[in-house]
Amino acid sequence: MRIDKLLSELGLCTRREAAKIGKLGGITVDGVPVKDVSKHIDPEKQTVVLQGRTVVYQKFTYVMLNKPTGYVSATDDKSLPYVTELLPEELRRRELFPVGRLDRDTVGLMILTNNGPLAHSLLSPKHHVKKEYLFTSAEPLDKDAERDFEQGITLADGYECKSAELYLDESRAQGRIVLTEGKYHQIKRMIASRDNRVTSLERISCGEIRLDPSLDRGEWRYLTEEEIKILEAQG
Ligand code: URA
C-alpha cells in the first residue's frame, strides 16, 4: 500500500500533506526516512512513524456514537445536520458511515464503520440481531399491548411484524421494546397501530453492544476490541 494512501485512510493527514511532510523528512519506515510517499509498504509488517508518532494500522475503523436528536443518519445532506458531522475531521476522512438508520428525532446508539462488507451483512434482512429501545408514548398503552406485540402485530399497511418484546412501566406510557427487525419507522408505526404516538425514542443496544452511558448525546468513542469481535461475530 502507498504510504500517502495509508496515512490518509487512517485520517492522519491528506495525501498532499503526506507528500510535504515526507519531503521534509517527517516520515520514516522501519527507521529510515522516506521522502517519496508514493512508495509501497506493507503496513502489517513495517513500522511507519509520522512526525514522531508511530502509526497504528487498522484495516477498518469502528465507532460508537450517542446520536442526538435533529441529525439524519447519513454521511451527507444538503439541508439537514448529519451524523458524521459529529465526528472529528480525522475520522471523517476515513469515510465512516452509519450501520443502519435511526430517525432524525431518535437518539442513542449508532455504530459507524468503513467496513462495507460487514455493515452490509449486519443490515441484511436475514439478520435477527435484537435491538432494544426505550420509548415514551403520548397515552398509556392498552392492556393487551404486551401480548399482541409478542404475537406479532399488523401495521396499518398490512405488514405483519415479527414477535417483539414489550415491557411497560406502571404508567404504561413508557417502556422498552426489543425488536429483531428494523423496518422504516417501525416502532412509531407499531405504537401508531394502537391509536397512540411515540413522543421519544432512544436505542440502547444492538445485539450485545450497549450504548456506553458515559457518552453524552453527540459524543463518540472507538469500539473496544471486544465490541469489534462481537460485531464481527454478528455479521
Ligand atoms: N423505530 C422507529 O420508529 N424509529 C427509529 O428510529 C428506530 C426504530
Side-chain angles (χ1 to χ4, degrees), residues 1-102 104 109-123 206 209 212 214-229 231-232 235:
M1 180 182 218
R2 283 174 61 129
I3 298 172
D4 54 356
K5 185 163 190 278
L6 168 75
L7 297 175
S8 75
E9 275 189 10
L10 290 174
L12 297 173
C13 58
T14 62
R15 285 186 174 204
R16 190 172 293 193
E17 284 161 355
K20 271 194 207 152
I21 300 168
K23 276 202 188 108
L24 294 170
I27 297 172
T28 62
V29 177
D30 293 337
V32 179
V34 176
K35 290 210 154 47
D36 178 8
V37 290
S38 69
K39 194 176 167 216
H40 282 252
I41 57 137
D42 180 345
E44 298 196 39
K45 294 197 182 125
Q46 294 179 281
T47 305
V48 179
V49 176
L50 170 71
Q51 297 180 310
R53 270 172 68 195
T54 302
V55 172
V56 180
Y57 177 65
Q58 287 166 298
K59 192 156 184 221
F60 297 117
T61 303
Y62 305 88
V63 156
M64 170 188 297
L65 170 75
N66 186 346
K67 179 191 173 297
T69 187
Y71 284 76
V72 291
S73 302
T75 55
D76 193 12
D77 196 280
K78 287 196 177 63
S79 52
L80 296 170
Y82 48 95
V83 287
T84 51
E85 282 184 294
L86 295 162
L87 303 177
E89 186 55 36
E90 175 175 318
L91 271 180
R92 288 169 68 181
R93 282 203 220 114
R94 288 190 223 172
E95 299 184 344
L96 305 186
F97 53 87
V99 180
R101 289 176 172 271
L102 289 178
R104 192 175 159 208
L109 177 63
M110 172 156 273
I111 290 167
L112 298 107
T113 184
N114 48 10
N115 185 342
L118 180 64
H120 186 74
S121 116
L122 289 168
L123 292 172
C206 282
I209 301 181
D212 186 334
S214 71
L215 291 178
D216 284 334
R217 298 268 186 250
E219 287 186 343
W220 65 276
R221 68 156 169 81
Y222 290 106
L223 288 195
T224 62
E225 291 286 317
E226 200 174 319
E227 287 166 337
I228 295 171
K229 278 201 195 110
L231 203 65
E232 284 172 350

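Sequence positions, counted from 1, serve as the residue numbers for this chain. All heavy atoms count here, side chains included; hydrogens, waters and symmetry mates do not.
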Heavy atoms only: give me the nearest [X]-[Y] pair and the separation to one decimal.
{"X": "Ala18", "Y": "Leu7", "value": "CB-CD1, 4.1 Å"}
{"X": "Leu6", "Y": "Pro43", "value": "CD1-CB, 3.8 Å"}
{"X": "Gly235", "Y": "Ser121", "value": "C-OG, 2.9 Å"}
{"X": "Leu10", "Y": "Tyr57", "value": "CD1-CA, 4.4 Å"}
{"X": "Leu102", "Y": "Leu109", "value": "CD1-O, 3.6 Å"}
{"X": "Lys67", "Y": "Ser73", "value": "CE-OG, 4.2 Å"}

Would you say [X] and [Y] make side-chain contact, with heavy atoms under 4.5 Å?
{"X": "Thr14", "Y": "Asp4", "answer": "no"}
{"X": "Met1", "Y": "Asp42", "answer": "no"}
{"X": "Leu86", "Y": "Pro68", "answer": "yes"}
{"X": "Lys35", "Y": "Leu24", "answer": "no"}
{"X": "Tyr71", "Y": "Leu80", "answer": "no"}
{"X": "Leu231", "Y": "Leu118", "answer": "yes"}
{"X": "Gln58", "Y": "Arg94", "answer": "yes"}
{"X": "Glu227", "Y": "Met64", "answer": "yes"}

If I take atom [atom1] from residue [X] and atom [atom2] from residue [Y], how far apart are they, to the nearest 0.5 angstrom?
{"X": "Glu232", "Y": "Phe60", "atom1": "CD", "atom2": "CZ", "answer": "9.0 Å"}
{"X": "Phe97", "Y": "Leu112", "atom1": "CZ", "atom2": "CG", "answer": "9.0 Å"}
{"X": "Asp36", "Y": "Ile3", "atom1": "CG", "atom2": "CD1", "answer": "7.5 Å"}
{"X": "Cys13", "Y": "Lys20", "atom1": "SG", "atom2": "NZ", "answer": "11.0 Å"}
{"X": "Leu65", "Y": "Arg217", "atom1": "CG", "atom2": "CZ", "answer": "10.5 Å"}
{"X": "Leu215", "Y": "Arg221", "atom1": "CG", "atom2": "CZ", "answer": "6.0 Å"}

- request: Among Thr224, Asn114, Asn115, find the one that has a side chain to side chain donor-acceptor pair (under 3.5 Å) with Tyr62.
  value: Asn115
Whether over 12 other heavy atoms sit under 6.0 Å from [X] [atom1]:
{"X": "Arg92", "atom1": "CZ", "value": "yes"}
{"X": "Arg15", "atom1": "CZ", "value": "yes"}
{"X": "Glu17", "atom1": "CD", "value": "yes"}
{"X": "Glu225", "atom1": "CD", "value": "no"}

Stepwise side-chain contact (heavy atoms from CB on, under 4.5 Å) test for Thr28 and Val48: CA-CA 6 Å; Thr28 62; Val48 179; over 6 Å; no
task: Show your reasoning for whether side-chain contact (heavy atoms from CB on, under 4.5 Å) applies to Leu50 and Ile21.
output: CA-CA 8 Å; Leu50 170 71; Ile21 300 168; 4.0 Å; yes
query: Between Val63 and Leu223, does a side-chain contact (heavy atoms from CB on, under 4.5 Å) hold up when you go through it step by step?
result: CA-CA 5 Å; Val63 156; Leu223 288 195; over 6 Å; no
- line: Exactly one of Thr113, Val72, Val83 clears side chain to side chain contact (heavy atoms under 4.5 Å, CB included) with Pro98, and that residue is Val83
- request: Carefully, step by step, assess Tyr82 and Asp76 under the rule side-chain contact (heavy atoms from CB on, under 4.5 Å).
  value: CA-CA 6 Å; Tyr82 48 95; Asp76 193 12; 3.9 Å; yes
